[in-house]
Colleague: 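Provided herewith is a single structure, encoded as structure tokens, for subsequent inquiry.
For the numbers below, each heavy atom of this structure counts, side chains included, while hydrogens, waters and symmetry mates do not.
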Amino acid sequence: MEKRWAQIDQGDVETCKTLAQELNIDYALAQLLVQRGVSNFEDARYFFRPTLTQLHDPFLMKDMEKAIVRITSALQNNERILVYGDYDVDGTTSVALTYSFFSQFTSEIAYYIPDRHLEGYGISTTGIDFAKENGFTLIIALDCGIRSVDKIAYANSLGIDFIICDHHLPGDELPNATAVLDPKREDCDYPFKELSGCGIGFKLAQAYCQANDLPDEKYEQYLDLCMVSIAADIVPIVDENRVMAHFGLIKLNENPCCGLKALMQIAGKTESYTITDVVFLLAPRINAAGRMGDAKDAVKVLLSDEVVLADEQSLFINSQNTERKSFDQNITLEALAIIEESELLRNRKTTVVYQQNWNKGVIGIVASRLTEKYYRPTIVLTESNGNYTGSARSVVGYDLYEALLSCSELLEQFGGHKYAAGLTIKPENLIPFSEKFESVVASTISPNLLIPEIKIDCEIELSQIDAKFYRVLAQMAPFGPQNMAPVFVSKGVTLVGPAQIVGTNHLKLSIKQQNSTIFEGIAFGLGEFEAKLDPNKTFSVCYTIEENIWRDKKRLQLNIKGIKID
């Protein structure tokens, strides 16, 4: 599918010029900084040199004091504490962090992850019953619970207190818990709203240390886990998340916890991790445990403090990841066939597909793959406990959650974010829901949102790219939502030597612009341009700049996102 090229706002020219002079950097780099809200030397120092002192006071979060008072009471009275979390990466890292942190102060603590297939997402009655039967009087729930009004009422009736640590959007009514930590609640003045679920757990640990005059190392040791959750949950890497991701990557690369180190070894890369590496190498393996079996296996890896146990457990969840790949490839092929065989589905502005026997653990991945293929809001459903349950994914710029809200009378339950959600529906409502969802999306989505877009930060000449340029650029990392790796465009470039197809459909080529240095480039998925590029004709490329390391030699390479023939 051809992509639109969209130039983002270039920023105020005078501000860019002044900043370039103050920092002694290329104008284009100053422009990138201004686009990211950096407009003076002090802003730049804050941006380029993060410090842990930039973390906000955890007690600015509504109910944090209540949470610490209740936990302190539980610890003093030797109460049994249950750490409860979701089965994805954010949930399992949250549980590992919080359980490990409070284990320093009590042995009367355990953790619980609901079974994806039997209990579904969030707080479950089964989980509360487990707590009651085993004498737990306090549950700390992470990455879930903000909409569990009825479940918290049930726990209260059994004499079990809840502290909710969530980052999802609250409903109209907050659960009647002892404390509800969620920066997105309307009455919370916490200065940063986009923490991950594990980030909330980290702030809880920070608050406990602050309240008890404990050394910062007691909670800072978990920055690697926190960073993994930030990367995997695709939260904006700005403000506090940027600080935690920065220091979390340093810890991962220099001194990772035993479990993450084992996963790094099994992934075949043990150093120089970036956020992208975490997303593609570590997160799928952690996720695989909850998708294919029991998410507690992921927590066991993350909590391992013995190398042999960590290695054994990581081998097990790596095998689950291999199995997960096979499942999601097969289900994706089946889903694609359903769509291609139906003229109605092909021509809609949404995709809603259902198959009774699809594995519940991988349908979120399948929804993402279908969204990439057809580029429209997508829902993939399977059968679970007599209902249809599924995952929804959106396209950039379209609020999927609001669309589901408009269809809520046809849903048993739903929850999530602007771009990803989970839902449950009665079988008899599948067709009415599919039609209503199509109608809502068709009437509210802008046509251009159904065409994938490459956002271009700025235009540069290839001659501007040198070692200093890249050195400054690299310091803008870690990259992620709201601080994406900058995309440049260069026009009037020419081919040097023949382009060649490598792998399945990737294009390897060398280009230059007038008298610039020759740059090697790789264009993933753009093999069709091999026959279109003529050494005697110019074309435009948009790309990110990367450092390629081969046999200990470093060189700059262009990761080409799009090509336009002039």
Colleague: Please determine whether a side-chain nitrogen of the Lys or Arg among E372 and R369 lies less than 4.0 Å from a carboxylate oxygen of the Asp or Glu.
Modeller: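 No salt bridge links E372 with R369.
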Colleague: Parallel, tilted or perpendicular: which describes the rings of F105 and F101, with under 30° parallel and over 60° perpendicular?
Modeller: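 Perpendicular: the ring planes of F105 and F101 meet at over 60°.
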Colleague: Find out whether the Lys NZ or Arg CZ of R242 is both under 6.0 angstrom from the six-membered ring centre of F47 and within 45° of the ring's axis.
Modeller: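 Checked: cation-pi criterion met.
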Colleague: Can you see whether R393 engages T378 through a side-chain donor-acceptor pair at a distance of less than 3.5 angstrom?
Modeller: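 No - no donor-acceptor pair under 3.5 Å links their side chains.
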Colleague: Less than 3.5 Å apart, any donor N or O on the side chain of D88 or T92 sitting next to an acceptor on the other?
Modeller: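 Side chains of D88 and T92: no pair found under 3.5 Å.
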Colleague: Do Y190 and D57 meet the criterion of a side-chain donor-acceptor pair at a distance under 3.5 Å?
Modeller: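 No - no donor-acceptor pair under 3.5 Å links their side chains.
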Colleague: In the structure I gave you, are the side-chain heavy atoms of D129 and Y154 within less than 4.5 Å of one another anywhere?
Modeller: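 With C-beta onward as the side chain, the pair touches.
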Colleague: Look at E438 together with R376 and state whether they make a salt bridge at an N to O cut-off of under 4.0 Å.
Modeller: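 No.
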Colleague: Judged by modelled atom types alone, do Y222 and T98 share a side-chain donor-acceptor pair under 3.5 Å?
Modeller: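 Y222 vs T98: no donor-acceptor pair found between side chains.
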Colleague: Under a 4.0 Å N-O cut-off, is there an ion pair linking D189 with K62?
Modeller: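 Not counted as a salt bridge, because no side-chain N and carboxylate O are separated by less than 4.0 Å.
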Colleague: Considering only heavy atoms from C-beta outward, does the side chain of N359 approach that of V362 to under 4.5 Å?
Modeller: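 In short, these two side chains touch, coming nearer than 4.5 Å.
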Colleague: Using every non-hydrogen atom in the two residues, find where Y398 and V441 come nearest and quote the distance to one decimal.
Modeller: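 Distance-wise, the nearest heavy atoms are OH-CA, 3.5 Å.
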Colleague: Ignoring hydrogens and geometry beyond distance, is a side-chain donor-acceptor pair present between Q31 and Q10 at under 3.5 Å?
Modeller: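 Side-chain D/A pair, Q31 to Q10: present.
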Colleague: Would you check if the side chain of E133 reaches a backbone N or O of F130 as a donor-acceptor pair within less than 3.5 Å?
Modeller: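 Pair absent, no side-chain N/O of E133 close to backbone of F130.
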Colleague: Is the shortest side-chain N to carboxylate O distance from E409 to K436 below 4.0 Å?
Modeller: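 A salt bridge links E409 with K436.
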Colleague: Report yes if the side chains of F414 and S408 come closer than 4.5 Å at any heavy-atom pair, otherwise no.
Modeller: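 Of all side-chain heavy-atom pairs linking S408 with F414, at least one is under 4.5 Å.
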Colleague: With the threshold set at 4.0 Å, does a side-chain nitrogen-carboxylate oxygen contact exist between R36 and D457?
Modeller: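 Result for this pair is yes, salt bridge flagged.
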Colleague: Under a 4.0 Å N-O cut-off, is there an ion pair linking E194 with K184?
Modeller: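 Salt bridge flag = yes for K184 with E194.
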Colleague: Verify the ring-centre separation between Y208 and F102: is it less than 6.0 angstrom?
Modeller: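 Yes.
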Colleague: Give a yes/no verdict on a cation-pi contact between K203 and F59, requiring under 6.0 Å between NZ or CZ and the six-membered ring centre and an angle within 45° of the axis.
Modeller: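 The answer is no, since K203 fails at least one limit relative to F59.
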Colleague: Would you say F48 and V472 make side-chain contact, with heavy atoms under 4.5 Å?
Modeller: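 They are in contact (side-chain heavy atoms under 4.5 Å apart), so the answer is yes.
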Colleague: Charged N to carboxylate O under 4.0 angstrom, D63 versus R185?
Modeller: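 Counted as a salt bridge, because a side-chain N and a carboxylate O are separated by less than 4.0 Å.
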Colleague: Side-chain donor-acceptor pair under 3.5 Å between S124 and T126, yes or no?
Modeller: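 No, no side-chain donor-acceptor contact under 3.5 Å.
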Colleague: State, yes or no, whether a side-chain contact exists between Y84 and I113 at a heavy-atom distance under 4.5 Å.
Modeller: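 A side-chain contact under 4.5 Å is absent here.
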Colleague: Would you check if there is a donor-acceptor pair between the side chains of H168 and D182 at a distance under 3.5 Å?
Modeller: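 Result is no, nothing qualifies.
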